[in-house]
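What you see is a predicted model, and the numbers here were worked out from it, not measured in a lab. Within every chain, numbering begins at 1; the chains are lettered A, B, ... in the order of the sequence lines, protein sequences first and strands thereafter.
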Amino acid sequence: MDTEFSKRLISWYLQNKRELPWRTTTNPYAVWLSEIILQQTRVAQGLPYYQKFITTFPSIHDLAAAPQEQVLKLWQGLGYYSRARNLHETAKNVVVNYNGKFPDNYKELLNLKGVGDYTASAIASICYNEAAAVVDGNVYRVLSRIFGIETPINSTKGQKEFKALAQQLINPQKPGTHNQAIMEFGARYCVPQNPDCSNCIFNDSCEAFGKRKVASLPFKLKKGAIKKRYFNYLVFISEDNKTHIEQRTKKGIWQQLYQFPLVETKNQATIKTLMEDNDFLKLTNQFSEVDITQYNNAPILHKLSHQHLYTTFWIIFISEKLQNGIAISTIDDYAVPVLISNFISEFTTFNNLKN
DNA sequence: AACTCGGGGGG
DNA sequence: CCCCCAGAGTT
């Protein structure tokens, strides 16, 4: 253990830390909730979600008793929806199989779905004072720079190497504070671009600063190409002002969320190519006549980290009643992707103006 | 080991 | 346009 490193870090932390709601408690439920929300998510983006969840579900029993629909609806907009599904599953699991109490150590915490090395270490250290080092994106950056490590952080070798180093540096007296300190230091001071190295508390010993490698660390392997997909959403409107929605049940993005009936095409569809599409015909052949208009002329580009969705909404008026249709006004009760949510708010605004 | 899974914010 | 964010699960 390097006590000097930890002492410097914690000293900085105590003077510079943000006041955040999950920092005023060691309740494992609250800490776990915050850690799941903050995975791959900035504090500013996750904070309102934490407030919503802790208010709606003050205890793990409340969360476990909720329907999945409610959990997903509260999670709407935050992304990586498997986190919400696993959050809910783990809540039920802890209530039923752990008598409502979280495991109190790193090893057993790892058995919970949605809890990996980082989250298990965070909970164990913050709630139970176990000397388990967290390694998140901030820790990779701070350690790669200070120690001049060029091993790719997104490689198995890199993960092991940084975990071992972080574990070596942790303060066994205050593991929770140490872990939060190094993350806060990365988030607030040793930032990805243009960190203020000349005033840094570690600039007397930082390898990257000494060797002018700050901008190139941490090193990361490049990822694969982004795929393009072409989505056509069919927005049915019946004579009794209802529409169709479907739930995404297959594997892939947005599992368990709702959307309008989707026709995915190989290329950007036109009204002509769409009306010849087999999937389109299956979805519409039950109607005697369809009055279809293209809502957006240029496709709406929705960017995910690994795919670009070129999306067209098609408004389809039906001169009859829809079986299993839902009132358009109730569509906001369902958890939907941001892409759908944006469309709905724009579309309903447009219709209100018209009326 | 490589791939998949969202959405937003900053330079 | 790019990168990154209090990562984890699946293949």
Checklist entry - Under 3.5 Å, is there an N or O donor on one side and an acceptor on the other linking the side chain of Ser82(A) and the base of dG9(C)? => result no

Checklist entry - Rounded to the Å, how far apart are Arg248(A) CZ and dC5(B) P? => result 9 Å

Next on the checklist: Looking only at the side chain of Lys223(A) (C-beta and beyond, no hydrogens), which of the listed nucleotides dG9(C), dG11(B), dC5(B) gets closest?
Outcome noted: dC5(B)

Checklist entry - Start at the 5' end of DNA chain C and walk down; is the nucleotide closest to Ser305(A) or to Asn86(A) reached first? => result Ser305(A)

Item to check | Where Arg248(A) and Ile253(A) come nearest, the two heavy atoms and their spacing | outcome: NE-O, 3.0 Å

Checklist outcome for this item: From CH2 of Trp22(A) across to P of dA6(C) the rounded distance in Å is 10 Å

Checklist entry - What's the CD-P distance between Gln159(A) and dG7(C), to the nearest Å? => result 12 Å

Item to check | Same apolar cluster (I L V M F W Y, side chains within < 4.5 Å links), Val235(A)/Val338(A) | outcome: no

Checklist entry - Is it true that Glu35(A) and Arg83(A) make a salt bridge, defined as a side-chain N closer than 4.0 Å to a carboxylate O? => result no

Next on the checklist: Let's test this: given Watson-Crick or G-U wobble pairing with both distances under 3.5 Å, identify the partner of dG8(B).
Outcome noted: dC4(C)

Checklist entry - Can you check the Leu309(A) CG to dT4(B) C1' distance for me, whole Å? => result 14 Å

Next on the checklist: Could you tell me how far dG11(B) sits from dA6(C) if I compare only their P atoms? Round to whole Å.
Outcome noted: 15 Å

Checklist entry - Using the C1' atom in both, what is the distance from dG9(C) to dG8(B), to the nearest Å? => result 23 Å

Checklist entry - Looking only at side-chain N and O atoms, does Gln307(A) come under 4.0 Å of OP1 or OP2 in dC5(B)? => result yes

Next on the checklist: Check the phosphate of dC5(B) against Trp75(A), side-chain N and O only, distance under 4.0 Å to OP1 or OP2. Yes or no?
Outcome noted: no

Checklist entry - Which whole number of Å gives the distance between the P atom of dG9(B) and that of dA8(C)? => result 24 Å

Checklist entry - From the list dA6(C), dG7(B), dG11(B), which nucleotide is the closest neighbour of the side chain of Met183(A)? => result dA6(C)

Item to check | Residues within residues 29-47 of chain A bordering DNA chain B, heavy-atom distance below 4.0 Å | outcome: Gln40(A), Thr41(A), Arg42(A), Gln45(A)

Checklist outcome for this item: Of Lys157(A) and Leu304(A), the one whose nearest nucleotide on DNA chain B sits closer to the 5' end is Lys157(A)

Next on the checklist: Please verify the inter-ring angle class for Trp12(A) with Tyr189(A); under 30° counts as parallel, over 60° as perpendicular, anything in between as tilted.
Outcome noted: perpendicular

Item to check | Plane angle bin for Tyr310(A) and His308(A) - parallel if under 30°, tilted between 30 and 60°, otherwise perpendicular | outcome: perpendicular

Checklist outcome for this item: Rounded to whole Å, the CZ-P distance (Arg85(A) to dG9(C)) equals 12 Å

Checklist entry - Counting just side-chain N and O atoms, does His306(A) come under 4.0 Å of either OP1 or OP2 of dT4(B)? => result no

Next on the checklist: Pick the closest DNA chain B nucleotide for Gln255(A) and for Gly224(A) by heavy atoms, then say which residue is nearer the 5' end.
Outcome noted: Gly224(A)

Next on the checklist: Quick check: closest heavy atoms across Gln286(A) and Leu283(A), and the distance to 0.1 Å?
Outcome noted: NE2-O, 3.7 Å

Checklist entry - With sugar-phosphate meaning primed atoms plus P, OP1 and OP2, does Val115(A) contact a base, only sugar-phosphate, or nothing at under 4.0 Å between heavy atoms? => result sugar-phosphate

Next on the checklist: By the 4.0 Å heavy-atom rule, please label Asn179(A) as base, sugar-phosphate, or nothing.
Outcome noted: nothing

Checklist entry - Does dG7(B) have OP1 or OP2 sitting under 4.0 Å from an N or O in the side chain of Tyr81(A)? => result yes

Checklist entry - Hey, what's the ring geometry for Tyr295(A) with Phe347(A), parallel, tilted or perpendicular (30° and 60° as the breaks)? => result perpendicular

Checklist entry - How close or far is atom P of dC5(B) from atom CG of Leu78(A), stated in whole angstroms? => result 17 Å

Item to check | Member of Gln256(A), Gln68(A), Gln255(A) meeting the side chain to side chain donor-acceptor pair (under 3.5 Å) criterion with Arg85(A) | outcome: Gln255(A)

Next on the checklist: With a 4.0 Å cutoff (strictly under), does any side-chain N or O of Lys251(A) reach OP1 or OP2 of dC5(B)?
Outcome noted: no

Checklist entry - Using atom C1' of each nucleotide, how far apart are dC5(B) and dC4(C) to the nearest Å? => result 16 Å

Checklist entry - Counting side-chain heavy atoms from C-beta on, which of dG6(B), dA6(C), dC5(C) comes nearest to Arg141(A)? => result dC5(C)

Next on the checklist: Without decimals, in angstroms, what is the distance between Ile253(A) CD1 and dC3(B) P?
Outcome noted: 18 Å

Next on the checklist: Can you tell whether the side chains of Lys163(A) and Asp117(A) come within less than 4.0 Å, N to carboxylate O?
Outcome noted: yes

Next on the checklist: Using heavy-atom distances to pick each residue's nearest nucleotide on DNA chain C, tell me which of Arg23(A) and Leu110(A) is more 5'.
Outcome noted: Arg23(A)

Next on the checklist: Please report the distance, rounded to the nearest Å, between CG in Asp136(A) and P in dC4(C).
Outcome noted: 14 Å

Item to check | Side-chain donor/acceptor of Tyr118(A) to base of dG7(C), under 3.5 Å | outcome: no

